Amino acid sequence: MLEKRPLALVHAIHDGVQSLYTGVGRIAQNICWTFEAIVEEALGGRDTALHFITVAYPRTSSVFREDVLSQSLEVVRRVKGSISEIPTPVWAHSANQIWGGPERWRLAGEQAAERVREIAANYERTLVFAHDIMFASMLPALASDSI
């Protein structure tokens, strides 16, 4: 069996990993820009991976940004993390269609919780942050887990 890495930080965030459409996107960008410095300064350089869970933006969507995705990928690759996409309807192209409403948010939260469990299986400890309403329902789904 492979040895588990010490720590994973998982951020479930609908914007800022592949797009930069809302203020929430700035949160993801700030995480990318400061992650390695925070690990060094606050965690003493502890082996820590960064994982993002986001919605799947169709590459034809007006809100998708290849440059933002490239920057996000660059950071997670350096720290041996990942970007996971929660599926959205194939016909969705506008931000409102992609994000949907409460039923889609609930489903996205459930799918994100399952992905967190998969990620957590490889780490001694996993800290999970849910940004904004789209992924907030994953937290109750994880409440009984010890990750």
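These figures come from a predicted structure and were not determined experimentally.
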Quick check for you: to the nearest 0.5 Å, what is the distance between [X] atom [atom1] and [Y] atom [atom2]?
X      : Y      : atom1 : atom2 : value
Met134 : Ile86  : CE    : CD1   : 9.5 Å
Ser72  : Gln29  : OG    : CD    : 5.5 Å
Thr126 : Glu118 : OG1   : CD    : 12.0 Å
Glu124 : Arg5   : CD    : CZ    : 11.0 Å
Ile27  : His14  : CD1   : NE2   : 9.0 Å

For this output row, return yes or no: ring centroids of Tyr123 and His51 closer than 6.0 angstrom.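 They qualify: ring centres under 6.0 Å apart.
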Do [X] and [Y] share a hydrophobic cluster (ILVMFWY, side-chain heavy atoms under 4.5 Å, transitive)?
X      : Y     : result
Trp33  : Leu20 : no
Leu142 : Ile13 : yes
Val10  : Phe35 : yes
Leu127 : Ile38 : no
Val68  : Val75 : no

Between [X] and [Y] (side chain of the first, backbone of the second, donor and acceptor by atom type, cut-off under 3.5 Å), is there such a pair?
X      : Y      : answer
Asp47  : Pro6   : no
Thr88  : Ala56  : yes
Arg104 : Gln97  : yes
Trp99  : Trp105 : no
Thr48  : Arg46  : yes
Thr22  : Val24  : yes
Gln18  : Tyr57  : yes
Ser61  : His93  : yes
Thr34  : Asn30  : yes
Arg78  : Glu36  : no

Please test Gln111 against Leu107 for side-chain contact (heavy atoms from CB on, under 4.5 Å), starting from the C-alpha separation and ending with a verdict. CA-CA 6 Å; Gln111 292 171 321; Leu107 181 58; 4.0 Å; yes
Do you know which two heavy atoms are closest between [X] and [Y], and how far apart they sit?
X      : Y      : answer
Leu50  : Val76  : O-CG1, 3.5 Å
Val63  : Ser19  : O-CB, 2.8 Å
Pro58  : Ile98  : CD-CD1, 3.6 Å
Ser137 : Gly109 : OG-CA, 3.3 Å

For residues Ile31 and Phe52, determine if any side-chain heavy atom of one lies less than 4.5 Å from a side-chain heavy atom of the other. yes
Is it true that atom CD1 of Ile133 has more than 12 heavy atoms of other residues, nucleotides or ligands lying nearer than 6.0 Å? no
Neighbour count above 12 (heavy atom, 6.0 Å) for Arg77 CZ: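 Counting neighbours around CZ of Arg77, 12 or fewer heavy atoms of other residues, nucleotides or ligands fall under 6.0 Å, so no.
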List the steps and the verdict of side-chain contact (heavy atoms from CB on, under 4.5 Å) for Arg65 and Leu69. CA-CA 6 Å; Arg65 296 255 313 259; Leu69 176 58; over 6 Å; no
Verdict with supporting geometry, Val55 and Phe135, side-chain contact (heavy atoms from CB on, under 4.5 Å): CA-CA 10 Å; Val55 297; Phe135 291 115; 4.1 Å; yes
Using 30° and 60° as the class boundaries, would you call the ring planes of His11 and His131 parallel, tilted or perpendicular? parallel
